[in-house]
Engineer: 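Below: one structure in structure tokens.
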Amino acid sequence: MNRRSFLRSAALTAAALAIDPVRAFSAPGEPARASVAPEGLQLKFYPYELKLRHSFNLARSQRTTTPDVLCTITLDGVTGYGEASMPPYLGESTESVMAFLSKLDLSQFKDPFRIEEIHDYMESVAADNRAAKAAVDIALHDLTGKIMNQPWHKIWGLNPEKCPCTSYTIGIDTEDVVRQKVNEASPYKVLKVKMGLDNDRQTIDVIRSMTRVPLCVDVNQGWTDRQYALDMCHWLKELGCLFVEQPFDKTALDDTAWLTQHSPLPIIADEFLQRLPDVHRAAQAYSGINIKLMKSTGMHEAYQMATLARAMGLKVMLGCMTETSCAVTAAAQLSPLADFADLDGNLLIANDCFDGLKIKDGRITLPSRPGIGVVPVEV
């Protein structure tokens, strides 16, 4: 399926919803109902390369594009949208995602609300493939939310007024490019700075010469010495830093636990944390967790991870990869549960093909549209 067909399908769906919002509800006083097509769920997908506005530089990698796969799930004329984004470290690719999705027979499912059962089915088809499963999960949530004619934050009982500010990411780069990025980030109230190389202090000094907004830093496993890391945490605390994300290699649990015990800043797990069982393990060494849909297999498990982490007293952060507004807005439906948010992946690409969440005065503003709240747009 190409992008033009994808958008044409979206337009037809939008027109149908404008006439009759999926016949999701019956007359007042009667229970809600939805018609179900006998052919079951219909899955379509196609590749879509994301083009970054700037080279994305981390402690261990660099790239200018990110492979992506967009998908739709349709039932009874209603379409839900999903997405799989595959930065290199996840170990997935366009080819692996397309291969996994090609193996799925979702037409056997007549009821899209059986999300738990559909996840069990996907696990039985193949292990891992987390981003591919997230694409299906996001599309299912979009579809079911449209059938209920409600956005998912409302279905979960979350208050959209409690959405946090999102950070804007400043990647590792030259001083001139860092200055340019800081200027571009002027509407945002928090900056997320990528670190982990020899010029960490110089980068922070450049940013602090231009703005005093709060910072958070993501080391992407780039530090190796615990005393150096602790010294940096004290220095960053004095400069208005909120937390430090994944300072050491994900296998260095002893060093991480030591740093968490002594650091004046919260230490947040990212690469260490993948899915729900990892939350208990993270609590042994970290102050909080960064939940990303592409790691958690989607919204279903991400919600479980967030509620478990809060119950365990861990800080909750919602993050994303470089993604379109489809996956970023899906993650944002959970943001009232979060202490911190880094949902700027759609802002870092030049070819976003969806309209979704908005950032107003630095804060996440959720759309009121049903499902995950996005509509496709021409690029």
Side-chain angles (χ1 to χ4, degrees), residues 1-11 44-72 81-98 101 130-132 134-135 138-139 166-174 176-188 191-194 218 220 292-295 319-332 341-359 364 372-379:
M1 182 183 186
N2 61 32
R3 181 164 61 89
R4 186 172 298 277
S5 299
F6 180 84
L7 292 168
R8 187 182 299 116
S9 171
K44 295 181 179 180
F45 49 90
Y46 76 99
Y48 186 70
E49 184 177 70
L50 305 180
K51 304 181 186 304
L52 306 185
R53 295 183 184 276
H54 297 284
S55 174
F56 197 69
N57 304 324
L58 307 176
R60 299 185 177 186
S61 64
Q62 177 184 24
R63 67 180 189 273
T64 58
T65 62
T66 297
D68 195 270
V69 173
L70 300 176
C71 80
T72 63
Y81 297 100
E83 174 181 12
S85 173
M86 289 82 66
Y89 83 89
L90 278 182
E92 293 181 69
S93 65
T94 299
E95 292 74 21
S96 72
V97 169
M98 301 278 282
L101 295 179
R130 295 186 299 273
I138 293 168
T166 183
S167 56
Y168 185 91
T169 300
I170 309 294
I172 297 172
D173 223 311
T174 65
D176 287 343
V177 175
V178 168
R179 290 183 182 276
Q180 179 185 347
K181 292 178 179 179
V182 172
N183 285 329
E184 292 175 359
S186 58
Y188 300 90
L191 296 181
K192 179 175 179 177
V193 185
K194 295 291 186 177
D218 185 0
N220 286 116
K292 297 178 180 178
L293 300 190
M294 297 304 131
K295 297 190 299 180
C320 61
M321 311 302 181
T322 45
E323 303 164 354
T324 74
S325 287
C326 176
V328 173
T329 307
D342 180 38
L343 296 177
D344 65 344
N346 57 323
L347 306 174
L348 305 179
I349 63 173
N351 58 337
D352 190 359
C353 55
F354 286 92
D355 177 76
L357 84 167
K358 304 298 180 185
I359 306 301
I364 295 168
I372 63 173
V374 301
V375 291
V377 296
E378 281 281 8
V379 178

Engineer: Is a side-chain N or O of Glu49 found less than 3.5 angstrom from the main chain of Thr65, in a donor-acceptor match?
Structural biologist: no
Engineer: Of all heavy-atom pairs between Ile359 and Thr166, which one has the smallest distance, and what is that distance?
Structural biologist: CD1-CG2, 3.6 Å
Engineer: Quick one: side-chain contact (heavy atoms from CB on, under 4.5 Å) partners of Val97, sequence neighbours excluded?
Structural biologist: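 Partners of Val97 by the side-chain contact (heavy atoms from CB on, under 4.5 Å) criterion, ordered by chain and then number, come out as Val69, Ala84, Met86, Glu92, Leu101, Ala132.
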Engineer: Heavy-atom distance under 4.5 Å between the side chains of Tyr48 and Thr66, does that happen here?
Structural biologist: no
Engineer: Quick one: closest heavy-atom pair of Gly356 and Ser325, and the distance?
Structural biologist: N-CB, 4.1 Å
Engineer: Counting C-beta onward and ignoring hydrogens, is there a side-chain heavy-atom pair between Leu90 and Met321 closer than 4.5 Å?
Structural biologist: yes
Engineer: Given 3.5 Å as the limit, does a donor-acceptor pair link the side chain of Asn346 with the main chain of Glu323, or not?
Structural biologist: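 No; judged by distance alone, with no hydrogens or angles, the pair does not exist.
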Engineer: With Ala134, which residues qualify under side-chain contact (heavy atoms from CB on, under 4.5 Å), at least two apart?
Structural biologist: Met294
Engineer: Could you measure the distance from the NZ atom of Lys181 to the CG atom of Leu348? Nearest 0.5 Å is fine.
Structural biologist: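 Reported to 0.5 Å precision, the distance equals 8.5 Å.
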Engineer: Do Asn351 side-chain atoms and Lys51 backbone N/O form a donor-acceptor pair below 3.5 Å?
Structural biologist: yes
Engineer: Is any side-chain heavy atom of Tyr168 closer than 4.5 Å to one of Lys192?
Structural biologist: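 They are not in side-chain contact.
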Engineer: Please give me the minimum heavy-atom distance between Pro47 and Met98, naming the atom from each residue.
Structural biologist: CD-CE, 3.6 Å
Engineer: Is Asp344 reaching over with its side chain to a backbone N or O of Thr169, donor-acceptor style, under 3.5 angstrom?
Structural biologist: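 Flag set: sc Asp344 to bb Thr169 pair under 3.5 Å.
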Engineer: Between Thr329 (side chain only) and Leu357 (backbone N and O only), is there a donor and an acceptor less than 3.5 Å apart?
Structural biologist: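 Here the side-chain-to-backbone pair exists.
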Engineer: Might you work through the side-chain contact (heavy atoms from CB on, under 4.5 Å) test for Phe354 and Leu70, ending with a clear yes or no?
Structural biologist: CA-CA 11 Å; Phe354 286 92; Leu70 300 176; 4.0 Å; yes
Engineer: With sequence neighbours left out, write down each residue that passes salt bridge (Lys or Arg N to Asp or Glu O under 4.0 Å) with Asp355, or none if nothing qualifies.
Structural biologist: Lys358, Arg369
Engineer: With a 4.5 Å limit on heavy-atom distance, are the side chains of Ile372 and Cys326 in contact?
Structural biologist: yes
Engineer: Please check: side-chain N/O of Arg53 versus main-chain N/O of Ile349, any donor-acceptor pairing under 3.5 Å?
Structural biologist: yes
Engineer: Taking all non-hydrogen atoms of both residues into account, name the closest pair between Ile138 and Tyr81 and its distance.
Structural biologist: CG2-O, 3.4 Å
Engineer: Main chain of Asp352, side chain of Thr324: is a donor-acceptor contact present, judged purely on distance under 3.5 Å?
Structural biologist: no
Engineer: Let me confirm one number: the CD1-CZ distance from Ile170 to Arg179, rounded to the nearest 0.5 Å.
Structural biologist: 12.5 Å
Engineer: Answer whether the closest heavy-atom distance between the side chains of Cys71 and Glu83 falls below 4.5 Å.
Structural biologist: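 When only atoms from C-beta onward are counted, Glu83 and Cys71 do not touch, as no gap falls below 4.5 Å.
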